[in-house]
Amino acid sequence: MLEIYLFIDPLNRHCYDAEKVINKLSQKLKSNVSVRFLTMLNIRVVNDLATCTPEKAVDHELPFKVILDSKAASFQGKRFGRNFLMDLQHEILDNAEDYCDDLVLELAEKKWLRL
């Protein structure tokens with residue numbers, strides 16, 4: 001069994017792209033592969049967020065909120081939490097949606113209904 005641990009910044013475009021590539025590779029491998037995505041929160045993550053979006057006010061608690069939401073979703077199962085985080089990243093990074101409680105609830109309900 002191969003275990004891969006990937007430490008990610010949940011609001012970083014490069015990390016999100018790497019997550020998608022690692023997911024695709026792990027699904028294509030014939031052997032038993034376990035991928036663990038570990039979200040990071042440190043001062044660099046907060047500073048990177050501030051430098052990426054200088055034109056608008058930055059919520060410095062945003063990375064913490066995203067990590068906390070994904071951790072809460074993972075209590076429904078690792079796969080549920082992982083897919084929830086990927087969907088939340090997709091909405092924030094690809095669709096330029098603003099993070100809000102309504103977005104989190106909508107994604108959680110969609111995930112729950114797909115179970």
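Worth knowing before you read on, the calculation uses all heavy atoms, side chains too, and leaves out hydrogens, waters and symmetry mates. Residue numbers run from 1 in the order of the sequence given.
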Please report the closest heavy-atom contact between H14 and N12, naming both atoms and the distance.
N-OD1, 2.7 Å
Heavy atoms, side chains only, cut-off 4.5 Å: are E3 and N32 in contact?
no
Within this structure, what is the CD-CG distance for the pair E61 and L41, rounded to the nearest 0.5 Å?
10.5 Å
Residue pair E91 / Y99, side-chain heavy-atom distance below 4.5 Å:
no
State plainly whether one hydrophobic cluster holds both L38 and V21, where clusters connect Ile, Leu, Val, Met, Phe, Trp and Tyr through side-chain heavy atoms under 4.5 angstrom apart.
no
V35 and R82, any side-chain heavy atoms less than 4.5 Å apart:
no
With clusters defined by side-chain heavy atoms of hydrophobic residues (ILVMFWY) lying less than 4.5 Å apart, directly or transitively, does I22 cluster with L29?
yes
Report yes or no: do I92 and L105 belong to one cluster of Ile/Leu/Val/Met/Phe/Trp/Tyr joined by side chain heavy-atom distances under 4.5 Å?
no
When clusters are formed by joining ILVMFWY residues with side-chain heavy atoms under 4.5 Å apart, either directly or through shared neighbours, do M40 and Y5 land in the same one?
yes
Distance in Å, N83 CG paired with K110 NZ, rounded so as to fall on 0.5 Å steps:
14.0 Å
I'd like to know whether NZ of K78 has more than 12 heavy-atom contacts from other residues, nucleotides or ligands below 6.0 angstrom.
no
Paired with V66, the side chain to side chain contact (heavy atoms under 4.5 Å, CB included) test is passed by just one of V104, T39, L88, namely L88
D101 atom CG, neighbour heavy-atom count above 12 within 6.0 Å
no
What's the spacing between D98 CG and L103 CG if we round to 0.5 Å?
9.0 Å
Got a sec: does the CZ of F64 have more than 12 other heavy atoms crowding it under 6.0 Å?
no
Of all heavy-atom pairs linking L85 and P10, the shortest is CD1-CB, 4.3 Å
Taking every heavy atom of F84 against every heavy atom of A108, the minimum-distance pair comes out as CE1-N, 3.8 Å
To the nearest 0.5 Å, what is the distance between CD (E97) and CG (L107)?
9.0 Å
Interatomic distance, OG@S70 vs CZ@F75, rounded to 0.5 Å, equals 10.0 Å
Linked, directly or transitively: I4 and I8 (ILVMFWY side chains, under 4.5 Å):
yes
